[in-house]
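Heads up: the structure comes next, in structure tokens.
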Amino acid sequence: MSKLIIKNARVIDPFTDTDGAFDVLIEGERVKEMRGRGKSEERKGKREKGRMKRKERRVINARGLLVIPGLVDMHTHLREPGREDEETILSGTMSALKGGYQAVVCMANTEPPVDNLGIVKYIREAERVCDVYPVGAVTKGLKGVELSEIGDLVNAGCVAVSDDGMPIMNSFIMRRALEYCKQFGIPVISHTEDLNLSSGVMNEGIVSTELGLPGIPSCAEEAMVARDILLARFTESKLHIAHISTKGSIELVRRAKKEGVNVTCEATPHHLSLTDECVRSFNTNYKMNPPLRTEVDRKAVIEGLVDDTIDMIATDHAPHADFEKELEFDRAPSGVIGLETALACGITYLVKPGLMDMKQLLRKFTVNPTRILSLSIRGISAGEYANLAIVDPTCEWIPQKFLSKSKNSPFIGKKLYGKVLYTLYKGKLYEW
Amino acid sequence: MCPDSSEIKGLKRKDLLGILELEREEIELILSTAVSFKEILERPIKVVPYLRGKTVAFLFFEPSTRTLNSFSLAARRLSCDSVSVSASSSSVLKGETLLDTAKNLEAMKLNFVVVRHSSPGASHILAKNLTSSVVNAGDGCREHPTQALLDLLTIKEHFGKFDELKVVIVGDIEHSRVARSNIWGMTKLGMDVSICGPPTLIPRDIDKMGVRVYYNLKEAIKGKDIIYVLRIQKERQAAGLFPSTREYIKLYSITEEVLEKYAKKKVVIMHPGPVNRGVELAPSVADGMRSLILPQVTNGVAVRMACFYLLPGGTGEGRGMGQL
């Protein structure tokens, strides 16, 4: 059995509410022991030196580094089946691993979509290098007309339902979906966008006005957030709002949470870091849906993350082929990849400026999605799977290359802080 | 008089993509160069050899007669060869992307590429991928810089100045690249710019571009030196942006009557053409004494000659800098 010791690490684990110096011993797939390093650090260090000589042991000296539980992404598009040229379950999970993830939740808008048992099984059986939890379609064919056989989907392993990419415009269907899912205890993940209002390609405001690009108004999102909150309150169901992006939406969720509505939400790394000003370059890696908003909205996203109105950072990792992205801005598809830069983005824009500490940030990458989806992930402790990442929290780097099959990152060439150096998934070590 | 090469410095840029990025001095340079070229257009032999041996490609993804003819004439007057790459034809229908087109054009070793395209930023894509000078002849609703330049030249000729002139642009501001380019150019030259139209055709936050916004035509034209009228496209009505052409005419059409009642005596009327007679502009106004519409067309050729002349055209340096 392979053995690994991570020495001199600072373990930060929101699952166990840990923040301290430990040596982490890993045997096979699991964590064998967490050995605290108190004042006697020096002495213990010497003692271990003797043990380390045994050849089967690999030792990583993690002085100055953080050991964190593997992250969980609640919003990933893996593109398989259908667009394997853009991403496969294997390449997407490799990309996730490199970003420090142990699990991704993959959206249902594949081709064909995840609206039946067969596709769920296909995804569950596909080759992967970290955990993949599928999301089922709310409606057949993501058409927003008839509910899919959600019971079947949940039975086969879906942890939530969503028509992400397509909003459910029909309020009756949304109501029934929320109600129907109560029997399974899963959330409905809502892509909140009123299509009648949102026929643009970027945020509507001074930048869209200057660029002559059709705008997507903030109220296109807010109108649907408001509707879904009302439906969730009425039906007493579990609602999760995907990729929240406007100040108004965040205020609606804040108020709803205070009133006791069972609503949670996520923000993407790009909405907390970038604004519609980026679009002036016409670089289609700044085209996503919802679009990059104004600085006022960006600050509201940060504020929402800090006061826990926004429960998590989810990537909305959306791979697109170069030949599709290299089009005129209004013709290119929406979406950007994010798995390999998400944690760094959080560190750069939230931890480094002192807006939150590392443990609070990690809650948004681990504990919160785990709780909302009722996953069985339990952090770094003896007996659990060794799913963790070793991070240099201060390393300055510029994203250029990706393990994702697609390269449509808005962070290419941008300076970020915090780099995942190693990821362990079930004890298997990946060095980046 | 010919442009004097020793005095004229070329533009400091490879491409002309919009008025937004031009310095005031660059606009003034283009206008004064255009004035020199206008003189050539009055001669019996209207051709000068400045761009002999150079080639311009016209890449028009949207239909255009006026702008294309104007550019084409400008090139010919400068002895520049031209090819028309009809973009509605084969390759685009076969799925060739703009980037592919750019790479192909690059391989043809052109000096200038004039592009019109329905997508804002399309000319940026070409500019980034071509060593030739790219001239934007309209990219979606974003900019149409040579139109604004010819408008500015027309204003300069008529008034002899820009400072403190009051202009109101009337019509579908939201979908108008002409409005955007003119707002940038006019404000840069010190003019006082207002816009007027139904609120549904006025884009959000446009006041941040430095213009005053009016919804009421009668108030808007009061005290203005220039009324710049935009073409109203019938399909906007179908898109639900105003109830009927009839109502648009009632509220926003520039007629003799409206001018008599509310406008300055010496007001001039401009329009980028083609005019929807009887819709945004009464025929008698379009053809009347106040109209500068035909001088605008004449100036189009001169301004476009100036642009070709001042851009490096694939030589890597601005015209006039030891070129002639």
Side-chain angles (χ1 to χ4, degrees), chain A residues 194-222 246 248 275-287 291-297 320-334 407-408 412-413, chain B residues 17-21 61-62 87 92 95-103 115 117-129 136 138-145 172-181 183-184 187 195 201-211 213 239-241:
Chain A
D194 184 328
L195 289 177
N196 291 323
L197 285 170
S198 68
S199 55
V201 300
M202 68 172 294
N203 181 57
E204 182 173 338
I206 178 61
V207 183
S208 68
T209 289
E210 289 190 9
L211 298 182
L213 284 167
I216 302 172
S218 49
C219 62
E221 176 176 310
E222 290 152 9
T246 80
T275 69
D276 57 354
E277 289 291 330
C278 295
V279 179
R280 289 184 190 281
S281 65
F282 294 107
N283 182 339
T284 56
N285 287 342
Y286 298 119
K287 183 175 180 184
L292 295 177
R293 304 283 188 183
T294 66
E295 180 64 10
V296 170
D297 296 304
H320 285 294
D322 283 353
F323 71 89
E324 287 187 334
K325 268 299 203 188
E326 283 174 353
L327 288 177
E328 298 85 325
F329 195 87
D330 53 347
R331 289 165 202 224
S334 295
K407 317 294 166 202
N408 51 316
I412 292 171
Chain B
L17 306 182
I19 302 292
L20 172 62
E21 56 263 29
F61 292 87
E62 278 187 335
V92 177
E96 184 178 291
T97 66
L98 189 57
L99 197 62
D100 291 329
T101 308
K103 285 174 182 163
V115 60
H117 195 288
S118 61
S119 295
S123 56
H124 290 69
I125 296 179
L126 290 179
K128 219 168 117 185
N129 291 286
N136 178 11
D139 61 333
C141 303
R142 193 187 73 97
E143 282 231 38
H144 188 358
D172 180 1
I173 311 293
E174 166 104 57
H175 301 96
S176 176
R177 51 192 172 215
V178 174
R180 285 177 179 79
S181 284
I183 289 169
W184 296 128
T187 50
I195 57 163
L201 293 177
I202 296 204
R204 197 171 175 79
D205 293 339
I206 193 163
D207 51 310
K208 291 182 187 156
M209 284 173 76
V211 299
V213 179
L241 295 173

Let's test your reading of the structure: which of B/I183, B/I173, B/L99 forms the most heavy-atom pairs below 4.5 Å with chain A? B/L99

Which residue, A/L211, A/I216, A/L292, forms the side chain to side chain contact (heavy atoms under 4.5 Å, CB included) with A/M202? A/L211

Considering only heavy-atom distances, could you tabulate the donor-acceptor pairs under 3.5 Å between chain A and chain B?
unit_1	atom_1	unit_2	atom_2	d
A/I206	N	B/D205	OD2	3.2
A/T209	O	B/R180	NE	2.4
A/T209	O	B/R180	NH2	3.2
A/T209	OG1	B/R204	O	2.5
A/E328	OE2	B/H117	NE2	2.8
A/D330	OD1	B/S119	OG	2.6
A/D330	OD2	B/S119	OG	3.1
A/R331	NE	B/S119	OG	3.1
A/R331	NH2	B/S118	OG	2.7

Of all heavy-atom pairs between B/A102 and B/L126, which one has the smallest distance, and what is that distance? CB-CD2, 3.5 Å

With a 4.5 Å limit on heavy-atom distance, are the side chains of A/F282 and B/I125 in contact? no

Least distance between heavy atoms, B/P120 atom then A/G212 atom: CG-O, 3.3 Å

Find the one option among B/G140, B/A122, B/P203 whose heavy-atom pairs under 4.5 Å with chain A are most numerous. B/P203

